[in-house]
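Here's the structure we're looking at; comments come further down.
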Amino acid sequence: MDHALIILAAGKGTRMKSDLPKVLHEIGQAPMLVHAIAAGAALEPARVIVITGHGADAVKAAALAYEPDAHCLLQEPQLGTGHAVAQAAPALEGFHGEAVVLYGDTPFIRPQTLSAMAEARAAGADLVVLGFEAADPGRYGRLITQGDTLLKITEFKDASSEEQAINLCNSGVIMADAGQLMDLVGALGNDNAAAEYYLTDIVEIGRARGLRAQVVRCDEAETQGVNSRAQLAEAEASFQTRCRAEALENGVTLIAPETVFFAQDTVIGRDAIIEPNVVFGPGASIETGARIRAFCHIEGAHVSRGAIVGPYARLRPGAELSEDVHIGNFVEVKNATLGAGAKANHLSYLGDASIGAESNIGAGTITCNYDGVLKHRTQIGARAFIGSNTMLVAPVSVGDEAMTGSGSVITADVPEKAMAIGRAKQVTKPGLAAKLRAHLQALKSKRQNEG
Ligand code: UD1
Ligand code: MG
């Protein structure tokens, strides 16, 4: 069965007190909107539809950056969740399948939960609504049920005191046949306390038409929404807790799990060891058996099996470490590949470079990749030896098994097996140090005597 995701993301999020649209606030360094789309990805949706409104251009850009085929439709003005779903109609033309409504500010719905909803649909329910028992039901819509049969959803503002006493709440996630859903939202009115077109009213309308509505329940944690900065911080904390638990479950060693921070798309293979205080940015993948030592920041980088990184290393986008590479303390790698077994153990910047297998990059080496206007590449062959404190002024290449003398400024290509030395020649004057020191001491005494 084909699925279409309809993600509601038009709301302003007033309580965030932000210039940024709410759904673009980040959890695990990815916009909440991306989490919502990713949650639906388990259904392998044939269409992804995002309803935009406040900050529409920015929301659209974020949606397309993650899902280039997303249909972004503008809801203007925003007249409620039912009105928002109705805006999806043009993107559903010719689509025959299931529609799944998700909220852009409810990022943690689990794939298993969506599967359970799909099963309920397959078993004959026309409308499947995701509900949860709320510890504090607050202002959530209340689900009025008889067993698992859903009779209606009452918004808090419109609820009687008896209805307000119900703990079973509406998450907002709904699954139905797409054509039927569009029919139902077309029939909505706005005669309610907020004068909005409530999506939730489709349950009563549907039942009046003889449709069967059913509740599937999930854990409250899944429906955790974000309406304020405090809730954003809570959502981040629960996201990190979950990532840590998943990593441990998958066979990753985290020495101090609570000090490791994951991004939405971090991938770590089993038997990798992550030492304390490591932060992963977007696009990090760590293969099985690699070791990330303490205090590393890793983003847009791939670390192959057997590699050791850190402590105190920074891998930036485009860092590609092959098997058994060693990157040591205070080494920054950006847009650079290191071949198998290559080592850069201390105090280096390796940017826009390719470094061959088993080459050794001495302490303090810098690829001078930027001339103030353009970036240039440094190419180093296999088994090369770059002496400590070499400046490699790109564009420049160093051949296989070549060497550079420490302290060299390398501005011209070095052929394979050659040795390049680019530094001032040493001059040694016997006894001069002693003479100079005596002279300076005399100067100092004279000044002290002069008071
Ligand atoms: C909604 C539900 C409520 C449920 C709660 C769960 C309705 C009428 N109520 O209430 O039953 O318990 O969510 O969190 O559906 N949006 C638009 N366009 C609009 C209005 C909203 O895109 O015109 C989007 C918002 O950006 C948000 C989502 O829809 O992502 C939910 O809207 P929100 O205003 O937060 O609804 P609630 O009042 O919380
Ligand atoms: Mg809300």
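Atoms within a ligand are numbered from 1 in the order they appear, just like the ligands themselves.
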Counting neighbours of [atom1] on [X] that are heavy atoms of other residues, nucleotides or ligands and sit closer than 6.0 Å, is the number greater than 12?
X	atom1	answer
Glu162	CD	no
Phe95	CZ	yes
Arg270	CZ	no

Could you tell me, atom by atom, which parts of ligand 1 come under 4.0 Å of a heavy atom of [X]?
X	value
Ala84	17 (C), 18 (N), 22 (O)
Leu79	23 (O)
Gly141	3 (C), 4 (C), 11 (O), 12 (O)
Tyr198	8 (C)
Thr200	7 (C), 8 (C), 11 (O), 15 (O)

Provide, to 0.1 Å, the distance between [atom] and the closest protein heavy atom, together with that atom's residue and name.
atom	result
atom 23 (O) of ligand 1	Gly80 N, 2.8 Å
atom 5 (C) of ligand 1	Asn170 O, 3.9 Å
atom 1 (C) of ligand 1	Tyr103 OH, 3.4 Å
atom 16 (N) of ligand 1	Gly11 N, 4.2 Å
atom 36 (O) of ligand 1	Thr81 CG2, 4.4 Å
atom 30 (O) of ligand 1	Leu8 O, 3.1 Å
atom 35 (O) of ligand 1	Asp105 OD2, 4.2 Å

* To do: Kindly state if atom 18 (N) of ligand 1 has a protein heavy atom within a strict 4.0 Å cut-off, that is, under 4.0 Å?
  => yes

* Could you tell me whether atom 32 (O) of ligand 1 has a protein heavy atom closer than 4.0 Å? => yes

Below 4.0 Å, non-hydrogen atoms only: which portion of [X] touches ligand 1? Side chain, backbone, both or neither.
X	value
Arg139	neither
Ala9	backbone
Glu155	side chain

* **Ser354 side chain near Gln379 side chain, heavy-atom distance below 4.5 Å** => yes

* Close side-chain approach of Thr378 to Asn369, heavy-atom, < 4.5 Å -> no

* To do: Among Leu33, Leu73, Val59, Leu8, find the one that has a side-chain contact (heavy atoms from CB on, under 4.5 Å) with Thr52.
  => Val59

* Basic-acidic side-chain contact under 4.0 Å: Glu163, Arg142 -> no

* To do: Could you check Arg15, Lys12, Lys22 and say which one makes a salt bridge (Lys or Arg N to Asp or Glu O under 4.0 Å) with Asp105?
  => Lys22

* For Ile49 and Ala88, which heavy atoms make the closest approach, and how far apart are they? -> CG2-CB, 4.0 Å

* Which word best sums up how the rings of Phe239 and His35 line up, parallel for under 30°, tilted for 30 to 60°, or perpendicular for over 60°? -> perpendicular

* Where does the angle between the aromatic ring planes of Tyr140 and Phe132 fall among parallel (under 30°), tilted (30 to 60°) and perpendicular (over 60°)? -> perpendicular

* To do: Work out whether the distance between some heavy atom of Cys169 and some atom of ligand 1 is less than 4.0 Å.
  => no

* Asked: Hey, is Gln75 one of the residues with a heavy atom under 4.0 angstrom from ligand 1?
  -> yes

* Asked: Between the side chains of Gln75 and His83, is a donor N or O closer than 3.5 angstrom to an acceptor N or O?
  -> yes

